[in-house]
Number of protein chains: 2
Amino acid sequence: MNETDIFRALSDPTRRAVFEKLAAGERNATELREGFGVSQPAISQHLAILRGAGLIRERRAGRHVHYSVEPDGLEPLFSWIERHRAFWPARVDRLKDLLREMDQ
Amino acid sequence: MNETDIFRALSDPTRRAVFEKLAAGERNATELREGFGVSQPAISQHLAILRGAGLIRERRAGRHVHYSVEPDGLEPLFSWIERHRAFWPARVDRLKDLLREMDQ
DNA sequence: CAAACAGATAAGTATCTGCTTATTTGTTTG
DNA sequence: CAAACAAATAAGCAGATACTTATCTGTTTG
């Protein structure tokens, strides 16, 4: 949920690729595994970390678990960027406004 | 320079705090060390990682080395966010425009 | 120029990470 | 209900990470 968890979760290329795949739409763990040369437990562990960072959610359906992006999951990352508006005075004020709109 | 390096560099709380301190203005290694209960080599190593990720730059002045934020260092992170416009269709199209402006 | 200083580098270490295989839990279906 | 299936968990391991102390390099200054 915090910045460290989010940065850490996204610092792994496989995990970032999984997240990006989910950004294109809901997938179950088996579908997510396709294309990665990695074991089923590895994907399961990556999903647990993404979930722990608040970036994805799961929806159980029988023996399948469908994963999808948590819509506001990246919000702490946006906030962190915004907090640098001291350094990018005008630029990030605009970003701030944009992010506020996104919340609606 | 790539996304992985940037996410990794920012995933450490101490390193993120150093970066944030630099966002407030140029500092040398000794000044940066203040407030962290950490050895001089530790800070030096953190700075090397931030530098390797393209997030900070250094300016040598005698026996001092002054560090500052690399203005476009976070650009790959912004681009990565932007690349999710498939998921936030309208929202991120706006962000895209904003980032284009920022490039000018 | 010797002593002090700023910072980087070396080397060692405990802990963390990402992976594996093996096993477990729970669900579906012939 | 047994076999197959989807996914999580356990345990172990090689490599990475963040730190330490010790040392080195380079700069300044009394």
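Residue numbers begin at 1 in each chain, while the letters A, B, ... track the order of the sequences. As a basis for the values below, the full set of heavy atoms in this structure was taken, side chains included, without hydrogen atoms, waters or symmetry mates.
- Using cut-offs of 30° and 60° for the angle between ring planes, the B:Phe7 and B:Trp80 rings count as perpendicular.
- Within the structure, salt bridge (Lys or Arg N to Asp or Glu O under 4.0 Å) contacts touching residues 28-53 of chain A (residues at least two apart or in different chains) are A:Arg51-A:Glu58.
- Here D:dA6 presents its P atom at 16 Å from CZ of A:Arg59, a figure rounded to the nearest Å.
- At the phosphate of C:dC16, neither OP1 nor OP2 sits under 4.0 Å from any side-chain N or O atom of A:Arg8.
- Between B:Arg51 atom CZ and C:dT9 atom P the separation is 10 Å, expressed in whole Å.
- Side-chain N/O atoms of B:Arg60 include none lying less than 4.0 angstrom from OP1 or OP2 on C:dG7.
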Item to check | Chi angles and distances behind the side chain to side chain contact (heavy atoms under 4.5 Å, CB included) call for B:Val65, B:Leu47 | outcome: CA-CA 11 Å; B:Val65 180; B:Leu47 288 168; over 6 Å; no
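- Nucleotide C:dG7 holds its C1' atom 12 Å from the NE2 atom of B:His66, rounded to whole Å.
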Next on the checklist: side chain to side chain contact (heavy atoms under 4.5 Å, CB included) for B:Ile43 and B:Tyr67? Distances and angles first, verdict last.
Outcome noted: CA-CA 12 Å; B:Ile43 292 292; B:Tyr67 289 92; over 6 Å; no
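- With distances taken from any side-chain atom of B:Arg63 to the nucleotides D:dT28, D:dA6, D:dA18, the minimum falls on D:dT28.
- Nucleotide D:dA6 holds its P atom 8 Å from the CG atom of A:Asn28, rounded to whole Å.
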Next on the checklist: Could you go through B:Arg15 and B:Gln45, starting from their C-alpha distance and side-chain angles, then the distance that decides it, and tell me whether this counts as side chain to side chain contact (heavy atoms under 4.5 Å, CB included)?
Outcome noted: CA-CA 10 Å; B:Arg15 214 144 50 213; B:Gln45 288 157 15; over 6 Å; no
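- Taking atom CG of B:Leu50 as the reference point, atom C1' of C:dA8 lies 16 Å away to the nearest angstrom.
- Residue B:Arg15 is classed as a sugar-phosphate contact, given heavy-atom separations below 4.0 Å to backbone atoms only.
- Residues from residues 40-48 of chain B with heavy atoms under 4.0 angstrom of DNA chain D, sorted by number: B:Pro41, B:Ala42, B:Gln45, B:His46.
- Along DNA chain C, the nucleotide nearest A:Ile49 and the nucleotide nearest A:Gly62 are compared for position; the residue whose nucleotide lies closer to the 5' end is A:Ile49.
- B:Arg57 places no side-chain N or O within donor-acceptor distance of the main-chain N or O of B:Ser68, the cut-off being under 3.5 Å.
- Separating the OH atom of B:Tyr67 from the P atom of C:dA6 is a distance of 14 Å, rounded to the nearest angstrom.
- OP1 or OP2 of D:dC19 has not a single side-chain nitrogen or oxygen of B:Ser39 nearer than 4.0 Å.
- Here the P atom of nucleotide D:dC5 and the NE2 atom of A:His64 are 11 Å apart, to the nearest Å.
- In this structure, B:Arg33 places its CZ atom 12 Å from C1' of D:dT20, rounding to the nearest Å.
- Note on A:Phe36: nothing from the nucleic acid sits closer than 4.0 angstrom, heavy atoms only.
- No single ILVMFWY cluster, assembled from side-chain heavy atoms under 4.5 Å apart, contains both B:Val18 and B:Ile49.
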